[in-house]
Undergrad: 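This is the structure, below, for whatever I ask next.
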Amino acid sequence: MKKAGRISEANATLLPATSRKPAFAGLGHTRWATHGGVTDENAHPHLDCTGQIAVVHNGIIENWSELKKDLLARGHKFKSETDTEVAAHLIEEAITNKQLTINNFAEAVRKVFNQLEGLNAIVVYSPQLRAIIAFRNGSPLVVGVGEEEHYVASDIPAFLPYTRKVSFLEDGEGVILSNARDQKSDIRIVEAKTGKTKPPKVEEITWSAGEAELGEHPHYLIKEISEQPEILARLAQYSESDIKEVAKLIKGSFGTYFTACGTAAHSGLAATYLFSDLAKRHVNFAVGSEFYFLESFLVPKSLLIAASQSGETMDTLEAVRAAKKHRSKVVALTNVEGSSLTRLADKTLLLNCGPEKAVLATKSYTAKLALFLLLAAQMGGDLDAGRKLVKRSAKAVGELLNGGQIEKLTKRLRDSEHIYIIGRGVNYATALEAALKIKEVSYIHAEGFAGGELKHGVIALIEEGTPCLVFVANDHARSSALSNAKEIKSRGGFVIGVSPREDEVFDEWIKVPDVGEASAIVNVVPAQLLAYHLAVERGLDPDKPRNLAKSVTVK
Ligand code: AGP
């Protein structure tokens, strides 16, 4: 059963439970379209001509068109426009004239996987053999080890309700899961290059199934926003030895570079200000998807700090691989134990903020800011001062969550076409993050930029009533941010000030507690709440916005 759109839409087409036959294995996949339109035919799984080989896939098969040409010449019939379907027909070719055994089938899948160019993960199901064979190279794949049943998924939360025992697959590794008749379910790890097999290395992860459940919250987004005070309070006590170890790496490096994508990138940009303010140290920042075009300056003494909630974002991993090529050291800031990033990095700082299931990153963003602040404080010679700032921000976020200032503002902005957002200094990053949150989930065009850039062009967009969010912290950027607010006001803009102190230029004032250098951690929370309430107010799904995936595992 496959359908364009959401799992729920596919479920609706399933046979009623009473008329379904008992199943020994299941295969499901929500594919982010890269080849062909978002159609039922292009949805996964893809079958071969016999219908007995089903494939789901993550990544991009870069040599798919020449493989397809050859298969068409051999008489294979294709039903979709996808690169993935090529794998199903290649396996069909490889197993033809061979006795259908689990080992022969696994060998066929292995040989085909080695033919696929690019970064991919495939999961292949044979109903006849009651076997699932999967391989990964670059795209995420992890095995869940159960009592009688086993799982393979791109992410741990997929099987967390059933098992916390996992076996992480390295790049170039695969797994054979079989449940042959009257045999105990079997699980073997297999090397893609050689076909050698070995038993799985099973580890227990710390996340509990409860953490991945909604509980009393209507949506994961608001659940995860509301978890931030507890997470920040915990991060304020982060392991001293880990912070000191990374600070030592930064001190000893010949140039430190932050890289990441999307929301994680905004935390990297904010970190450059935190290091300048708290450590008087320059660190460089480049977004992950551009980093590998800049890598030529890296040397073995360079240090790359890569931040990624999922630890699976392909562009960030490619930046890390580029750094590894130059033998530079890599430090990872990530939320997922055992993720690809942790395996590439020389040192990992875990965010410990529990599974983040909403597509919008919220708690993982403030967690990264807190870790960067602690690193900068350590570099500046006063880790305890950093701990106090993070602790203050935990309390402040708690107060904001109980504030209720945002619902009223949501009503005012719900039909806006455009919202402009400015910030200065570290809150320039907050402005970018606020705009991303609003765009991602409410589909309102929100644009964030450095307040000082207004007069260099963007101010042309401001007209009577244009809503503008202005972050005005109690720091050395306050007066500049206020004069930018006045520039907006004088062109008729509606100024919404997010600030510890009121100012006459504000048409609407969102009061935030004053937490000094930790302002970026606290200031983003009203924007997270605004994005959430705008989505709900506009009847949109806050957890699964259109066109977006939680972790972007394609380049
Ligand atoms: C943020 O809300 C988005 N989901 C997206 O920008 C995300 O931050 C980006 O894809 C990076 O993800 P990562 O932190 O898992 O690497």
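Atoms within a ligand are numbered from 1 in the order they appear, just like the ligands themselves. Not measured: the values here are computed from a predicted model.
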Undergrad: What residue and heavy atom of the protein are closest to atom 14 (O) of ligand 1, and at what distance?
TA: Gln309 N, 2.7 Å
Undergrad: Please name all residues satisfying salt bridge (Lys or Arg N to Asp or Glu O under 4.0 Å) with Lys439, sequence neighbours left out, ordered by chain then number.
TA: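 Testing Lys439 for salt bridge (Lys or Arg N to Asp or Glu O under 4.0 Å), a comparison that skips the adjacent residues, returns none.
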Undergrad: Evaluate the ring planes of Phe372 and Phe258, with Trp represented by its six-membered ring, and classify them as parallel (under 30°), tilted (30 to 60°) or perpendicular (over 60°).
TA: tilted
Undergrad: For the residue pair His44 and His46, categorise the inter-ring angle as parallel (less than 30°), tilted (30 to 60°) or perpendicular (more than 60°).
TA: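 His44 and His46: perpendicular rings.
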Undergrad: Is the NZ or CZ atom of Arg164 positioned over Phe159's six-membered ring, under 6.0 angstrom from the centre and within 45° of the axis?
TA: no
Undergrad: Please tabulate, one pair per line, all N/O donor-acceptor pairs under 3.5 Å involving side-chain atoms of residues 326-333, not counting sequence neighbours.
TA:
from	atom 1	to	atom 2	distance (Å)
His326	ND1	Leu298	O	3.2
His326	NE2	Glu295	OE1	2.4
Ser328	OG	Val299	O	2.9

Undergrad: Please list, in number order, the atoms of ligand 1 under 4.0 Å from a heavy atom of Glu440.
TA: 1 (C), 2 (O), 3 (C), 4 (N)
Undergrad: Tell me the protein heavy atom at minimum distance from atom 12 (O) of ligand 1, and give that distance in Å.
TA: Thr313 OG1, 3.3 Å
Undergrad: Students should be able to answer this: which protein heavy-atom is nearest to atom 8 (O) of ligand 1, and at what distance?
TA: Thr263 N, 3.0 Å
Undergrad: Does Ala361 reach ligand 1 with a nitrogen or oxygen that is under 3.5 Å from one of the ligand's nitrogen or oxygen atoms?
TA: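 In this structure, Ala361 places an N or O atom under 3.5 Å from an N or O of ligand 1.
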Undergrad: What are the atoms of ligand 1, with element, lying closer than 4.0 Å to any heavy atom of Leu360?
TA: 2 (O)
Undergrad: Which ligand 1 atoms are under 4.0 Å away from a heavy-atom of Ala264?
TA: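 The list of qualifying atoms is 8 (O), 14 (O).
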Undergrad: Just let me know how Ser551 lines up against ligand 1, side chain, backbone, both or neither, with a heavy-atom cut-off below 4.0 Å.
TA: neither
Undergrad: Looking only at protein heavy atoms, which one is nearest to atom 15 (O) of ligand 1, and how far off is it?
TA: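 Result: Ser310 OG, 2.7 Å.
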Undergrad: Should the pair Phe135 and Phe113 be assigned to parallel (<30°), tilted (30 to 60°) or perpendicular (>60°) ring geometry?
TA: parallel
Undergrad: Is Thr316 near ligand 1, meaning one of its heavy atoms is under 4.0 Å from it?
TA: no
Undergrad: Determine whether the side chain, the backbone, both or neither of Lys437 has a heavy atom under 4.0 Å from any heavy atom of ligand 1.
TA: side chain
Undergrad: What protein heavy atom is closest to atom 10 (O) of ligand 1, reported as residue, atom name and distance in Å?
TA: Val552 CG2, 4.0 Å
Undergrad: Give yes or no for whether the N/O distance cutoff of 3.5 Å, strictly under, is met between Val359 and ligand 1.
TA: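 Yes, there is a polar N/O contact under 3.5 Å.
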Undergrad: On a heavy-atom basis, I'd like to know which of Cys261, Ala265, Ala531 is closest to atom 11 (C) of ligand 1.
TA: Cys261
Undergrad: Crowded around Glu204 CD? As in, over 12 foreign heavy atoms under 6.0 Å?
TA: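 Yes - once you tally the heavy atoms of other residues, nucleotides and ligands closer than 6.0 Å, there are more than 12.
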Undergrad: Go through Arg387 and Leu383 one step at a time and tell me if the side chain to side chain contact (heavy atoms under 4.5 Å, CB included) criterion holds.
TA: CA-CA 6 Å; Arg387 292 189 191 285; Leu383 178 56; 3.5 Å; yes
Undergrad: Does Phe471 have Arg424 sitting over its ring (NZ/CZ under 6.0 Å from centre, angle to axis within 45°)?
TA: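 No, a cation-pi geometry is absent between Arg424 and Phe471.
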